[in-house]
Peer 1: 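Here it is: the structure, laid out below.
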Amino acid sequence: MSNIVMLDHLNHFDITQILESGQVFRFEKISDHSYLLNAKQKLIKITQQPDSSSAIIYNTNISELDEVWIPYFDIDTDYDKIASKLAQKDSHMAKAIDFGKGIRILHQDPWEMLISFIISQNKSIPHIKQCISNISKGFGDCLEQINGDDQHYYAFPTPEQLSKATEEELRDCKVGFRAPYIMDACQKVLNGEVILNELFILSVEEARERLMTIKGVGPKIADCILLFAYGKGEVFPTDVWIKRVVEGLYFEGKEVKPAEIQAFAKSYFGKLAGYAQQYLFYYGRENALFK
């Protein structure tokens with residue numbers, strides 16, 4: 001890899017916490033402090049030493065840094081302000097933020113997030129990553145070969161490319177019952193029933209409703225897409241992990257319905273609900289709280 005740039009004067013930025021917080025699937029840890037990241041149809045290596053306010057990105061340039069990676073890593077958002085406001089809510093939130101203070105919410109590709117979170121249903125993160133890798137290798141463009149070795153990396157397939165896959169070919173990628181959902185997503189995006197770029201300007205409710213016209217996309221999947229692709233920070237994706245954490249920390253361990261958790265998050269965290277979710281999710285999962 002050539003072309004190296006540096007991100008300086010970073011705060012609230014820990015590449016390990018960002019990539020390991022459940023919001024992104026196409027990365028590979030290559031050493032204690034370095035990752036390969038496959039995103040935006042590009043492949044980079046990013047390195048950050050512990051507690052460093054700088055990160056080095058390989059295989060990019062200044063122009064691409066400004067146009068692609070600064071928006072992708074949400075560099076221009078004031079996480080000092082977000083973290084400070086949330087930490088004042090209660091001691092649980094303050095502990096979660098202190099534990100995961102390097103988390104940022106990535107601005108990822110809507111199409112890739114749509115398919116990735118359709119795949120994510122009832123699967124562990126390693127399985128999700130493998131399915132996405134299989135799909136990319138089967139139907140995406142080869143990006144580049146690293147350092148002359150035999151490892152190849154692939155861009156995530158476009159809707160046009162993925163639409164050429166049969167249900168059997170998708171099942172061969174280990175997506176299981178989700179294969180028809182992926183085919184439906186391809187069809188609806190290509191025929192204009194769902195125009196992904198329009199969702200940026202819609203309200204959360206309208207955008208969620210539009211996504212849920214796609215087979216296999218329920219409220220939780222839609223909210224993940226809205227948070228991690230569209231930056232709609234008021235959503236609070238509620239999976240099994242976050243449900244347990246919120247029940248344990250805020251409902252005295254009592255079981256509550258996801259709709260109640262959504263209502264609580266909307267009222268309590270307001271427009272910062274998505275950020276709160278990421279801090280709580282990472283804190284809860286990494287410390288195996290209420291497992």
Side-chain angles (χ1 to χ4, degrees), residues 17-18 20-25 82-83 85-87 89-90 92-97 99-100 103-108 110 113-125 127-128 177-178 181 185 199 202-291:
Q17 293 183 354
I18 292 168
E20 302 284 358
S21 62
Q23 60 178 311
V24 60
F25 304 111
I82 291 168
K85 191 168 183 179
L86 284 174
K89 286 288 184 181
D90 56 71
H92 304 309
M93 197 72 242
K95 288 178 183 176
I97 290 170
F99 183 80
I103 291 173
R104 284 177 176 260
I105 295 178
L106 300 174
H107 288 200
Q108 300 181 74
M113 290 296 93
L114 170 59
I115 301 302
S116 296
F117 280 100
I118 285 175
I119 290 170
S120 74
Q121 299 170 74
N122 303 317
K123 275 189 175 289
S124 67
I125 287 179
H127 288 154
I128 299 166
F177 67 85
R178 306 155 195 83
Y181 303 162
L199 273 58
L202 297 181
S203 69
V204 164
E205 292 75 17
E206 291 172 317
R208 184 186 291 122
E209 185 177 340
R210 195 75 57 86
L211 285 169
M212 287 173 60
T213 64
I214 297 169
K215 291 179 182 177
V217 178
K220 180 256 179 179
I221 299 300
D223 283 355
C224 286
I225 298 164
L226 292 176
L227 182 59
F228 303 133
Y230 293 95
K232 294 187 183 293
E234 60 266 48
V235 302
F236 193 85
T238 305
D239 65 359
V240 172
W241 267 111
I242 198 68
K243 184 175 183 291
R244 288 174 185 158
V245 171
V246 172
E247 287 169 347
L249 296 180
Y250 295 102
F251 289 88
E252 299 179 339
K254 298 174 184 176
E255 185 168 355
V256 295
K257 295 178 180 179
E260 293 179 68
I261 292 176
Q262 294 279 316
F264 162 76
K266 183 176 182 179
S267 171
Y268 192 59
F269 298 120
K271 292 186 180 298
L272 300 181
Y275 301 93
Q277 191 268 6
Q278 278 298 95
Y279 289 126
L280 290 169
F281 175 86
Y282 185 74
Y283 178 59
R285 191 188 66 180
E286 293 299 304
N287 291 285
L289 298 183
F290 314 109
K291 189 173 180 180

Peer 1: Go through Trp241 and Phe290 one step at a time and tell me if the side-chain contact (heavy atoms from CB on, under 4.5 Å) criterion holds.
Peer 2: CA-CA 9 Å; Trp241 267 111; Phe290 314 109; over 6 Å; no
Peer 1: Tell me, which pairs form a salt bridge (charged side-chain N to carboxylate O under 4.0 Å, His left out) where one or both residues lie in residues 268-290, sequence neighbours left out?
Peer 2: none
Peer 1: To the nearest 0.5 Å, what is the distance between CG on Leu86 and OH on Tyr275?
Peer 2: 10.0 Å
Peer 1: Taking all heavy atoms of Val256 and all of Glu247, pick out the closest pair and write down the distance.
Peer 2: N-OE2, 3.0 Å
Peer 1: Do Ile242 and Ile261 have side chains that get closer than 4.5 Å, going by heavy atoms?
Peer 2: no
Peer 1: Would Phe281 and Phe236 count as a close aromatic pair, with their ring centres under 6.0 Å?
Peer 2: no
Peer 1: Do Asp223 and Arg208 make a side-chain contact, defined as non-hydrogen atoms from C-beta onward lying under 4.5 Å apart?
Peer 2: yes
Peer 1: Show your reasoning for whether side-chain contact (heavy atoms from CB on, under 4.5 Å) applies to Arg104 and Gln278.
Peer 2: CA-CA 9 Å; Arg104 284 177 176 260; Gln278 278 298 95; over 6 Å; no
Peer 1: Output the distance between atom CD1 (Ile97) and atom NZ (Lys85), rounded to the nearest 0.5 Å.
Peer 2: 12.5 Å
Peer 1: Do Lys215 side-chain atoms and Arg178 backbone N/O form a donor-acceptor pair below 3.5 Å?
Peer 2: no
Peer 1: What do you reckon, is NE2 of His92 surrounded by more than 12 foreign heavy atoms closer than 6.0 Å?
Peer 2: yes
Peer 1: I need the Leu202 CG to Glu209 CD distance, nearest 0.5 Å.
Peer 2: 10.0 Å
Peer 1: Taking side chain as C-beta onward, heavy atoms only, is Met113 less than 4.5 Å from Cys224?
Peer 2: no
Peer 1: When rounded to the nearest 0.5 angstrom, what distance separates CD1 in Ile118 from CD1 in Ile128?
Peer 2: 12.5 Å
Peer 1: Could you list the residues that satisfy ring-ring contact (aromatic ring centres under 6.0 Å, His included) with His107, not counting sequence neighbours?
Peer 2: none
Peer 1: What heavy-atom pair brings Gly22 and Phe117 nearest, and what distance separates the two atoms?
Peer 2: O-CZ, 4.3 Å
Peer 1: Does NZ belonging to Lys95 count more than 12 external heavy atoms closer than 6.0 Å?
Peer 2: no
Peer 1: Hey, mind stepping through Phe228 and Ile105 against side-chain contact (heavy atoms from CB on, under 4.5 Å) and telling me if it holds?
Peer 2: CA-CA 7 Å; Phe228 303 133; Ile105 295 178; 4.1 Å; yes
Peer 1: Where is the tightest heavy-atom contact between Gln277 and Pro237, given as atom of each residue plus distance?
Peer 2: NE2-O, 3.0 Å
Peer 1: Supply the atom-to-atom distance Ile214 CD1 to Leu114 CG, rounded to the nearest 0.5 angstrom.
Peer 2: 4.5 Å
Peer 1: Under the side-chain contact (heavy atoms from CB on, under 4.5 Å) criterion, do Ile119 and Phe25 qualify, and how do the steps go?
Peer 2: CA-CA 11 Å; Ile119 290 170; Phe25 304 111; over 6 Å; no
Peer 1: Under 4.5 Å between any side-chain heavy atoms of Ile221 and Ser120, yes or no?
Peer 2: yes
Peer 1: Give the minimum heavy-atom separation between Gly216 and Tyr181, together with the two atoms involved.
Peer 2: CA-CD1, 3.6 Å
Peer 1: Report yes if the side chains of Lys243 and Glu255 come closer than 4.5 Å at any heavy-atom pair, otherwise no.
Peer 2: yes
Peer 1: Taking all non-hydrogen atoms of both residues into account, name the closest pair between Gln17 and Gly100 and its distance.
Peer 2: OE1-C, 3.2 Å
Peer 1: As an exercise, state the distance from CG of Leu272 to OH of Tyr279, rounded to the nearest 0.5 Å.
Peer 2: 9.5 Å
Peer 1: Please tell me if the side chains of Tyr268 and Val246 come closer than 4.5 Å, counting only heavy atoms from C-beta onward.
Peer 2: no
Peer 1: Measuring only between side-chain heavy atoms, which start at C-beta, is Val24 closer than 4.5 Å to Ile18?
Peer 2: no
Peer 1: Can you name the closest pair of heavy atoms from Val245 and Leu280 and give their distance?
Peer 2: CG1-O, 4.1 Å
Peer 1: Output yes when a side-chain donor or acceptor of Gln23 lies under 3.5 Å from a complementary backbone atom of Leu106, and no otherwise.
Peer 2: yes
Peer 1: Give a yes or no on whether a salt bridge exists between Glu206 and Arg210, defined as a side-chain N under 4.0 angstrom from a carboxylate O.
Peer 2: no
